[in-house]
Structures are given as C-alpha cells and as structure tokens.
Amino acid sequence: MSLPQPVRGTHDLLPEDFRRHAHVRDTARDIAARFGYAEMATPIFEFTEVFARTMGETSDVVSKEMYSFDSRGGESITLRPEYTAGICRSFISNGLQQNVPFKVFANGPMFRYERPQKGRQRQFHQIDLECIGSPEAKADVEVIAVAASILNSLGVMGSCTLQINTLGDAESRQAYRAALVEYFGAHEEQLSEDSKNRLTRNPLRILDSKDKGDQVLVKDAPVFTDYLNDFSTEFFAEVLEGLDALGISYELNRRLVRGLDYYTHTAFEFVTTALGAQGAVIAGGRYDGLIETLGGKPTPGIGWAGGIERLALLAENIPDVIRPIAIIPVGDAAVQPATKLAYELRNQRISIELAFKGNVGKRMKRANKLNARAAILIGEDELAKNACMLRDLDAGTQEEIQISDLGKALEQLK
RNA sequence: GCGGAUGUAGCUCAGUUGGUUAGAGCGCUAGACUGUGACUCUGGAGGUCGCGGGUUCGAUCCCCGUCAUUCGCCCCA
C-alpha cells in the first residue's frame, strides 16, 4: 500500500478513540478541580536546556529520546518530553513565587523518540498535576489522593497498585549513591552490560535489575534506609501516615527509583500488569531542587504525570454517545421546514440528525445506524396541520403531535 | 538501541507443497419496499496479497532488503 502513513509512533485519534481519550482527560480535569488544581497550559516546545538541566544529561530521556532541533534563530528547541519542567519554568518566568501553593492541572501531547510498543508512542498525551511551593508531606498525600481518585473514577484502580518509596533529600541520596558506586564498582566485572552503564548514569537502577547475576550482588548491597537522615525518614513516615488515614493502600517498594534526576523524597507509581511491559499509568514524586536548578529561588514541588493512552486502554464506563433525534422530511416540500425545525431544536440544545439526502427508507436506516432515540417525520399532511409524526425508535410506536408540543414530548422520551 | 513474531478487501481472517479471472463473514452500496429503521432475499463496488529487489518459464507463496505493527530487553506515562 502506498497510501500516506502517519509518522512512526504517532496515531490518529478517530472519533471512537477520541471519546475514550476525552473521558480520561475530562475526568482528571474535574477531579483535579475539586482538589483545587486549576488548569493551565505551557508551550509544546521549550529551549532544550529547560529539559536537559532538570531531567539530567545522563537520563535516557535527555540523552537519546528528545525531539530537538535548531530554530531559525539558532537556538536549540525541544518538543516537550514531559510537563513538569515546562510548568516549573513557567512558574519562574511569570514570577509566581507569591502564589504558592501553586496547584495546577495540565494535559497535552508529549514527544519521546522511543521504540513504539503497546501503550508507548512517540507522540502521546499526558495528564499532569503539580503542587509547587509546599514543603509539607500533606502536599504529597494530597497529590497522590488526586491520582487515586481519578483512577477510581475511571474504574482502573482494581487493576492497579500504588508503589511508593523515598529517595530521601539530596544529602541522603548522594550519600547512598556514593555507597552504591563504591560497592558495585568493586564488583564491576560481574555486572551485566546494562548495569555497567547504570553505574555511571543511575546506580540506584542496578537494584532493580532483572539480570540474575546482578541480583546476586544486589543481595549484599548497601541498604538505603541506612543512609536516610532523620529528616527524610520522618518525612516519609508522615506521607505514609497520611495515606493510611485516607485509606489509600500502597506497597512499599524499596527498589522503586525514578529515572529523572530531579526527584527527591517521595517517589511513586500506580502500576498495572494489564499493559505488558508498560506498567506505569500515573507516576511522579517530589522535586525539591528542580526550580533552583532552573534558576529560580529554592522552591519545593511535587507532582505526577499520567499517560492518557494507557489510561484510555484500561478505562471503563466510557459515556455513551448522545442519542440524536432524527428529523426526516417526507417529500421535497418538507425539506426546508424540516431544516428550519432542526435548526430551532438544535438551538434548544437538542441533538438532531438531519441527513442531506435520501428517501424516507434511507433516512430511517441512517437514523437507526446512528442509534437515534426517535424520528420526527414531516410531510405535506403534517405541515398542513402544524404537526409531525413522532416515532419512538426503541418502542416502534408513533403518534402525530403538534409541533408546539414537540419540546415536551421529546423531554419524556429520555 | 538490541532480540523474536507478524503484514492478503474498510474490519476479522481463510488460501496457494510456486501455475489461468485471490476467497468468506461482517461492513459499504443498489434494489425487492417511490410516507417508515432493526429481520429477510437478490445484485454491485472494493485487492498491483505492506513496499523494493532477487531466484524462476511463472512469485501473494521461496530468498534478501526495507517500512509498519506487535512481544520481550533498555527505559518510561
């Protein structure tokens, strides 16, 4: 087939797909609003350094997955691979430090040059929640609660578990990282190829290796809890208490490590086994050093992102399409009056189907295919009486009624 | 980026151990039914068998390449 194809890893959202997509987005937006998170948006691209500096030069996303290009002005521009960095940049650009806590919801397309798989695309969409300026553990709890509430509402909580861990503050994390590098460095020859790379890029990841040889070494590796300072330990305990108090169940996963450099303290993922290797549906954590990295005043933050496509694959209870009422003119003389009636009813917020052509049989078939609730037939006979034939397509019954009574009659059809 | 599988009509799939015009169901469309849908019946349209090259008298089938999808790894939403 030489038909034009979409670029690899991109997909069209046809109406049927879009309905699921929109349901996920709208559900998230509504729930976020209830928790006090207002919607905002930032540009789809940023200066490359916004992502490079915050996510870490050695992270996979920055080192091999960014869609970067030089603008005509010679600046390096990157299509956003995630939302957090852009929102934090916006927080700084707009001088919003007096608006804390800055609680926002956002959604939109993201771009990562990865090998496509089910639930993994090069252009995909995320919902995103950020709470900037709150150092309190209560913020962590709230942010996670929003996510839990959304997953519940989408009907996917049953197939998800919340995994949670702490990465500690910068001091704790650096101490632990150094200890791991020392330990694994001494056994470098026994490490898998992947883990040799991890040693310099993100040694914490070695703990999560699926390689059997690595796992043997991991058994005797330094334990994170030994390196957490008191503050970090207490902070995490407070987060867990908060979740307990809300009845949000979680699984402590000491090997949960996020791939981006900016995370501190709380890290969490809502994971499912229903999507193969792509288990994370909503994931995030605290990023207390990020805004400073971008050149802002030290400001704590916590947030998460969720993959809309992944959630759409799992979501239940997608609302049905609105059932229209079909208006069917009978005979040429009825076409204009029918069109006018359709216009008036549509202006009264009623969903009307009016075909451009076809005899009564064709139009009835079309009405049926569109799952119309009822059909309004208007011919010369009815026109003369200011009436119409209202046919209940579910019951298969019909009756002649005055056009002036149509509004009421349609109300009752619901 | 690495390894495996797959690619025939709009959709789901048959098929040919290489041989004249490549099939089914669903869908679409026309009619039976020129003021009445869902059921039924009868026609019709739609495919250079993913794309390119090779082997062969001959390829949708065999070989190579390529593109896309998919599963796993890496990583992530």
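Because the structure is a prediction, the values reported are computed rather than measured. Here is how names work: the chains are called A, B, and so on, in the same order as the sequence lines, proteins then strands, and each is numbered from 1.
- RNA chain B lies under 4.0 Å from at least one heavy atom of each of the following residues of residues 299-324 of chain A: A/A305, A/G307, A/R310.
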For residues 316-325 of chain A, which side-chain donor-acceptor pairs fall under 3.5 Å, sequence neighbours excluded?
from   : atom 1 : to     : atom 2 : distance (Å)
A/R323 : NE     : A/N371 : O      : 2.9
A/R323 : NH1    : A/D394 : OD2    : 3.1
A/R323 : NH2    : A/N371 : OD1    : 3.4
A/R323 : NH2    : A/A372 : O      : 3.3
A/R323 : NH2    : A/D394 : OD1    : 2.9

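- Between the side chains of A/D220 and A/Y183, no donor N or O sits under 3.5 Å from an acceptor N or O.
- Annotation: B/C28 and B/C67 have their C1' atoms spaced 29 Å apart (nearest Å).
- Atom C1' of nucleotide B/C75 and atom CD of A/E65 are separated by 6 Å, given to the nearest angstrom.
- Nucleic acid contact class of A/E82 (heavy atoms, under 4.0 Å, all strands): none.
- Closest to the A/Y113 side chain, of the nucleotides B/A77, B/G1, B/C74, is B/G1.
- Nucleotide B/C49 forms no Watson-Crick or G-U wobble pair with any nucleotide shown, as no partner meets the under 3.5 Å limit on both distances.
- Listed by chain and number, the residues in a side chain to side chain contact (heavy atoms under 4.5 Å, CB included) with A/E188 are A/K196, A/L199 (sequence neighbours excluded).
- Atom CG in A/L207 sits about 12 Å away from atom P in B/C75, given to the nearest Å.
- With the nearest nucleotide of RNA chain B identified for both A/R391 and A/F270, A/R391 has the one nearer the 5' end.
- Going from atom CZ of A/F124 over to atom C1' of B/C75 covers 12 Å, rounded to whole Å.
- Evaluation of the salt bridge (charged side-chain N to carboxylate O under 4.0 Å, His left out) rule for A/D381 yields no partner, not counting sequence neighbours.
- The distance from atom CG of A/D60 to atom P of B/A77 is 11 Å, rounded to the nearest whole Å.
- The separation of B/G1 from B/G44, taken at their P atoms, amounts to 49 Å, rounded to a whole angstrom.
- Remark: B/C2 base-pairs with B/G72. Criterion, Watson-Crick or G-U wobble with two distances under 3.5 Å.
- Crowding of A/F69 atom CZ: a count of heavy atoms from other residues, nucleotides or ligands under 6.0 Å exceeding 12.
- Looking at residues 362-381 of chain A, you'll see A/K362, A/M364, A/K365, A/N368, A/K369, A/L377, A/D381 sit with a heavy atom under 4.0 Å from some atom of RNA chain B.
- With a 4.5 Å cut-off on side-chain heavy atoms, A/Y250 and A/T161 do not count as touching.
- A gap of 44 Å separates the C1' atoms of B/A45 and B/G3, to the nearest Å.
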Let me have the donor-acceptor pairs involving side chains of residues 82-90 of chain A, under 3.5 Å, with sequence neighbours excluded, atom names and distances please.
from  : atom 1 : to     : atom 2 : distance (Å)
A/E82 : OE1    : A/Y262 : OH     : 2.5
A/E82 : OE2    : A/A85  : N      : 2.8
A/Y83 : OH     : A/T42  : N      : 3.4
A/Y83 : OH     : A/R80  : NH1    : 3.3
A/T84 : OG1    : A/E130 : OE2    : 2.8
A/R89 : NE     : A/S93  : OG     : 3.1
A/R89 : NH1    : A/E46  : OE1    : 3.0
A/R89 : NH1    : A/E46  : OE2    : 2.6
A/S90 : OG     : A/N94  : ND2    : 3.1

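- Using the Watson-Crick or G-U wobble rule with both distances under 3.5 Å, B/U60 pairs with nothing in any strand shown.
- Nucleotide B/U55 forms no Watson-Crick or G-U wobble pair with any nucleotide shown, as no partner meets the under 3.5 Å limit on both distances.
- Within the nucleic acid shown, A/V330 comes within 4.0 Å of at least one base atom, counting heavy atoms only.
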Between the protein and nucleotides 67-73 of chain B, which nitrogen or oxygen pairs come in under 3.5 angstrom?
from  : atom 1 : to     : atom 2 : distance (Å)
B/U69 : OP1    : A/G9   : N      : 3.4
B/U69 : OP2    : A/R8   : NE     : 3.0
B/C71 : OP2    : A/K118 : N      : 2.8
B/C73 : OP1    : A/K210 : NZ     : 3.2
B/C73 : N4     : A/Q117 : NE2    : 3.4

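- Taking atom P on both nucleotides, B/U17 is separated from B/C11 by 27 Å, rounded to a whole Å.
- The CG-C1' distance, from A/D214 to B/C74, rounds to 13 Å in whole Å.
- Across all strands shown, B/C33 forms no Watson-Crick or G-U wobble pair with both distances under 3.5 Å.
- In this structure, the side chain to side chain contact (heavy atoms under 4.5 Å, CB included) partners of A/F35, at least two apart in sequence or on a different chain, are A/I31, A/Y37, A/E142, A/A145, A/V146, A/S149.
- The separation of B/U16 from B/C61, taken at their P atoms, amounts to 14 Å, rounded to a whole angstrom.
- Nearer the 5' end of RNA chain B, as judged by each residue's closest nucleotide, is the contact made by A/S209, out of A/I282 and A/S209.
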Under the salt bridge (Lys or Arg N to Asp or Glu O under 4.0 Å) rule, what do A/R29 and A/D26 come out as? Steps first, then yes or no, please. CA-CA 5 Å; A/R29 181 180 9 228; A/D26 295 345; 2.8 Å; yes
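- Heavy atoms of A/E193 sit nowhere under 4.0 angstrom from any nucleic acid atom.
- Taking the C1' atoms as reference points, B/C71 lies 32 Å from B/G18, given to the whole Å.
- B/G58 and B/U69: their P atoms are spaced 35 Å apart (whole Å).
- The side chain to side chain contact (heavy atoms under 4.5 Å, CB included) check on A/V223 picks up A/T225, A/D226, with sequence neighbours excluded.
- As judged by a 4.0 angstrom heavy-atom cut-off over every strand, A/G396 is placed among the base-contacting residues.
- Between the side chains of A/T264 and A/D169, no donor N or O sits under 3.5 Å from an acceptor N or O.
- Between the base of B/G35 and the side chain of A/E382 there is a donor-acceptor pair shorter than 3.5 Å.
- Comparing the same atom, C1', in B/C13 and in B/G4 gives a spacing of 23 Å after rounding to whole Å.
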Donor-acceptor list for residues 349-360 of chain A side chains, cut-off 3.5 Å, not counting sequence neighbours:
from   : atom 1 : to     : atom 2 : distance (Å)
A/E353 : OE2    : A/R366 : NE     : 2.6
A/N359 : OD1    : A/G361 : N      : 3.2
A/N359 : OD1    : A/K362 : N      : 2.9

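- Of all nucleotides present, only B/G23 satisfies the Watson-Crick or G-U wobble test against B/C13, with each distance under 3.5 Å.
- The pairing partner recorded for B/G7 is B/C67, the criterion being a Watson-Crick or G-U wobble arrangement whose two distances lie under 3.5 angstrom.
- Every residue meeting the side chain to side chain contact (heavy atoms under 4.5 Å, CB included) condition with A/K385, not counting sequence neighbours, appears here in chain and number order: A/A387, A/E400.
- Among residues two or more places apart in sequence or in another chain, the ring pair (Phe, Tyr, Trp, His ring centres under 6.0 Å) test is passed with A/H11 by none.
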